Amino acid sequence: MLKVYNTRTRSKEEFVPIEGNTVRMYVCGPTVYDYPHIGNARSFAVFDSIRRYLEYRGYRVTYITNFTDIDDKMINRANEEGIEVSELAAKFISEYRKIEKQLNLKPATVNPRATEHIDDIVEMVDLIIKNGYGYDVHGDVYFSVPAFDAYGSLSRIPMDELTSGARVEVDENKKDPRDFALWKAEKPGEPSWDSPWGKGRPGWHAECSVMGRHYLGLPFDIHGGGQDLIFPHHENEIAQSAAAYGIEVPVKYWFHNGFLTMDSEKMSKSEGNFSTAREVLDNYDHQAVRLYLVTGQYRQPLDYNAKAVTQAIQSLERIKNAADSIRGRISILERIGSRESEDDKKLAEAAKKVREGFEREMDDDFNTPGALAEIFAFVREINTLVGDVGGAAVLREALAVLTELVGILGVNLTDASATDEGAALTSDTLKGVIEFLLELREEARKSKDFGKADQIRDRLKQIGVEVSDTKDGPTWKLS
RNA sequence: GCCGGUUUGGCGGAGAAGUUUACGCGACAGCCUGCAGAGCUGUUUUACCUGGGUGCAAAUCCCAGAGCCGGCUCCA
């Protein structure tokens with residue numbers, strides 16, 4: 001049974017989709033005004049793994065994650081750089097696409113953009129006014145927080161506390177300091193759209209309500225984002241959806257990931273202590289970065305530092321080595337023929353066990369560190385047994401299970417020779433040549449000509465072919 | 001001020017009352033090996049912020065305190 005922590009109820013609950021085995025999920029995506037930092041990347045990664053696990057569990061997941069391509073930050077940045085807001089958006093959407101690939105994020109069902117849904121936003125704001133929860137002041141439209149009794153249900157901030165909050169914006173147009181903007185009147189030089197209240201643009205929170213409803217319908221199952229979005233962003237989203245469409249609980253489960261800290265402090269653009277995802281991905285193996293991002297449970301804080309990533313690199317290496325050992329053993333069996341043994345059964349048993357353990361851990365609110373522990377237990381079994389396993393089918397099954405499970409965590413174990421580039425490098429002809437060289441090397445080893453044997457191994461290594469010896473003969477792989 | 005979260009070994013990081021170890025990284029030793037890589041085994045292990053309390057039994061539950069991090073209309 002899958003149990004998930006729901007911010008709305010502050011407790012772990014059994015996960016039951018609203019409708020059958022379909023899961024409708026929305027995750028707040030980036031505002032495309034700058035390079036995402038590694039903390040943003042954490043959010044992308046954990047929700048990708050959550051999505052993949054739900055799919056593994058047999059749910060049909062519709063996964064929507066947006067690009068916010070119009071807001072104050074977008075406008076300010078575009079002005080600073082002297083370019084159009086749309087150009088700015090295009091630049092950072094393409095940056096996101098790169099990160100998506102490098103972190104092995106499964107593409108969303110749809111990545112809607114706020115500017116593509118202005119009509120829907122206008123319609124929602126209009127409904128909010130008509131239902132008595134919003135008001136227009138000279139082209140600015142505000143949501144009237146005091147009119148909405150349930151306000152604060154997600155963040156659990158008492159209404160009267162809000163007024164004394166440290167950063168309540170001073171705005172003379174607002175009837176109440178807690179009110180927030182649904183629609184902002186046009187200022188000179190800003191992009192704007194027509195509306196019943198004059199030209200203007202949407203407030204920050206409007207888009208997510210609208211796009212969630214547009215692609216998923218209300219209510220939907222899961223809404224995810226960083227913990228910093230609980231208030232005000234998600235609180236306001238609930239208020240908008242409820243006020244406009246009369247749906248009290250527009251989202252069944254709210255998931256919020258913990259922050260990524262940098263040397264124990266919150267990473268934040270305004271504080272200047274951050275690393276962009278780009279810097280990190282340029283400096284470290286992409287897969288290792290992805291693995292690092294799920295080494296902590298998603299709701300806990302995770303610290304970013306060089307040592308933490310280095311450890312992930314080593315952990316990843318261990319997993320990959322186990323996969324390589326299996327592949328190596330399969331190729332040896334092709335050469336020496338199968339000869340099944342007791343160890344075949346043990347490995348098959350271990351493959352079954354790891355699946356159970358992995359599911360048990362992931363079923364507990366997506367406990368990725370626990371799930372990894374199960375995978376490492378399996379890796380040890382593989383390493384212990386692989387040299388004595390005699391059936392290729394068992395090995396293929398073990399490799400398939402390992403690949404599938406780490407795949408949920410975002411690690412792609414595909415063999416280097418299975419990529420296009422790798423396949424070109426390892427044509428049958430070339431394989432034959434490598435095999436022949438290894439035969440020569442074996443002859444040299446038998447006659448104790450280790451100089452010759454090492455020369456062959458070294459030269460192959462130089463051209464990217466790594467040779468390893470096992471008791472049943474050598475194996476090789478592309479490095 | 002008002003709300004949250006967090007504190008576990010050399011490091012990262014699970015666990016939430018009970019026998020044997022989470023797991024990973026690092027270090028050391030042994031094994032395997034012509035060598036190398038990888039791997040296996042063992043050690044590092046009386047690890048659970050402090051002080052009280054409840055329990056036969058507490059890292060785990062309760063109370064108090066301390067440290068750290070964060071939210072309170074820019075944020076993943």
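The figures that follow rest on heavy atoms only: side chains count, while hydrogens, waters and symmetry mates do not. A note on names: the letters A, B, ... follow the listed sequences, proteins ahead of strands, and every chain is numbered from 1. All values derive from a computational prediction rather than experimental measurement.
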Open item on the list: Among F143(A), F148(A), Y142(A), Y133(A), exactly one meets ring pair (Phe, Tyr, Trp, His ring centres under 6.0 Å) together with F180(A). Which residue is that?
Closed with: F143(A)
Open item on the list: Go nucleotide by nucleotide along RNA chain B from the 5' end; which of T470(A) and Y5(A) gets its closest nucleotide reached first?
Closed with: Y5(A)
- [ ] Could I get the full list of salt bridge (charged side-chain N to carboxylate O under 4.0 Å, His left out) partners for R380(A), not counting sequence neighbours?
- [x] none
Open item on the list: Between R360(A) and E374(A) (salt bridge meaning N to carboxylate O under 4.0 Å), is one present in this structure?
Closed with: yes
Open item on the list: I want to check one thing: is the phosphate of rG12(B), taken as OP1 and OP2, less than 4.0 Å away from some side-chain N or O of N305(A)?
Closed with: no
TODO: Check the chi torsion on rG55(B) and let me know: syn if it falls within 90° of 0, anti if not.
DONE: syn
Open item on the list: Over all strands shown, is N321(A) touching base, sugar-phosphate only, or nothing at heavy-atom distances under 4.0 angstrom?
Closed with: sugar-phosphate
TODO: Please determine if D69(A) and R113(A) form a salt bridge, counting it only when a charged side-chain N lies under 4.0 Å from a carboxylate O.
DONE: yes
Task: salt bridge (charged side-chain N to carboxylate O under 4.0 Å, His left out) against E100(A), all qualifying residues, sequence neighbours excluded - done: R97(A)
Task: Aromatic ring pairing H223(A)/W254(A), orientation class (parallel under 30°, perpendicular over 60°, tilted between) - done: parallel
Task: E404(A) and R355(A) ion-paired at < 4.0 Å - done: yes
Open item on the list: If the threshold is 4.0 Å, N to carboxylate O, is there a salt bridge linking D71(A) and K184(A)?
Closed with: no
Open item on the list: Base, sugar-phosphate or nothing for V46(A)? Non-hydrogen atoms, less than 4.0 Å.
Closed with: nothing
Task: Lys/Arg-Asp/Glu bridge criterion (N-O < 4.0 Å) met for D72(A), R201(A) - done: yes
Open item on the list: If I pick the C1' atom on rG12(B) and the same atom on rA17(B), what distance separates them, to the nearest angstrom?
Closed with: 26 Å
Task: Same-atom distance (C1') from rA59(B) to rU46(B), integer angstrom - done: 14 Å
TODO: Would you list the pairs meeting side-chain hydrogen bond (donor to acceptor under 3.5 Å, both in side chains) in which at least one residue belongs to residues 278-287 of chain A, sequence neighbours left out?
DONE: E95(A)-R278(A), Q102(A)-R278(A), R278(A)-D282(A)
Task: C1' gap between rG24(B) and rA14(B), integer Å - done: 11 Å
Open item on the list: In this structure, how many angstroms lie between the P atom of rG71(B) and the CZ atom of R178(A), rounded?
Closed with: 22 Å
- [ ] Under 4.0 Å between any heavy atoms, over every strand shown, what does I375(A) touch: base, sugar-phosphate, or nothing? Just pick one.
- [x] nothing
Task: Nearest-Å distance once atom C1' is located in both rA47(B) and rC23(B) - done: 15 Å
- [ ] Remember a base hit wins even if backbone is also touched, and classify Q300(A) as base, sugar-phosphate or nothing at under 4.0 Å, heavy atoms.
- [x] sugar-phosphate
TODO: Would you write the dot-bracket representation of RNA chain B, where each base gets (, ), [, ], | or . depending on whether it forms a Watson-Crick or G-U pair under 3.5 Å and with which partner?
DONE: (((((((..(((.....[....)))((((((.......))))))....(((((..]....))))))))))))....
TODO: State yes or no: are the ring centers of Y5(A) and F255(A) separated by less than 6.0 Å?
DONE: no
Open item on the list: Regarding E349(A) and K346(A), does a basic nitrogen lie under 4.0 Å from an acidic carboxylate oxygen?
Closed with: no
Protein-nucleotides 19-26 of chain B N/O pairs under 3.5 Å:
| unit_1 | atom_1 | unit_2 | atom_2 | d |
| --- | --- | --- | --- | --- |
| rG24(B) | OP1 | R380(A) | NH2 | 3.3 |
| rG24(B) | O2' | S315(A) | OG | 2.3 |
| rG24(B) | N2 | Q311(A) | OE1 | 3.4 |
| rG24(B) | N2 | Q311(A) | NE2 | 2.8 |

Distances under 3.5 Å between nitrogen or oxygen atoms of protein and nucleotides 31-35 of chain B:
| unit_1 | atom_1 | unit_2 | atom_2 | d |
| --- | --- | --- | --- | --- |
| rG34(B) | N7 | R445(A) | NH2 | 3.3 |
| rG34(B) | O6 | R441(A) | NH2 | 3.4 |
| rG34(B) | O6 | R445(A) | NE | 3.2 |
| rG34(B) | N1 | D454(A) | OD1 | 2.9 |
| rG34(B) | N2 | D454(A) | OD1 | 3.4 |
| rG34(B) | N2 | D454(A) | OD2 | 2.7 |
| rC35(B) | O2 | R457(A) | NH2 | 2.5 |
| rC35(B) | N3 | R457(A) | NH1 | 2.8 |
| rC35(B) | N3 | R457(A) | NH2 | 3.4 |
| rC35(B) | N4 | D469(A) | OD2 | 2.8 |

TODO: With RNA chain B as reference, determine whether N257(A) or R156(A) sits nearer its 5' end, using the nearest nucleotide of each.
DONE: R156(A)
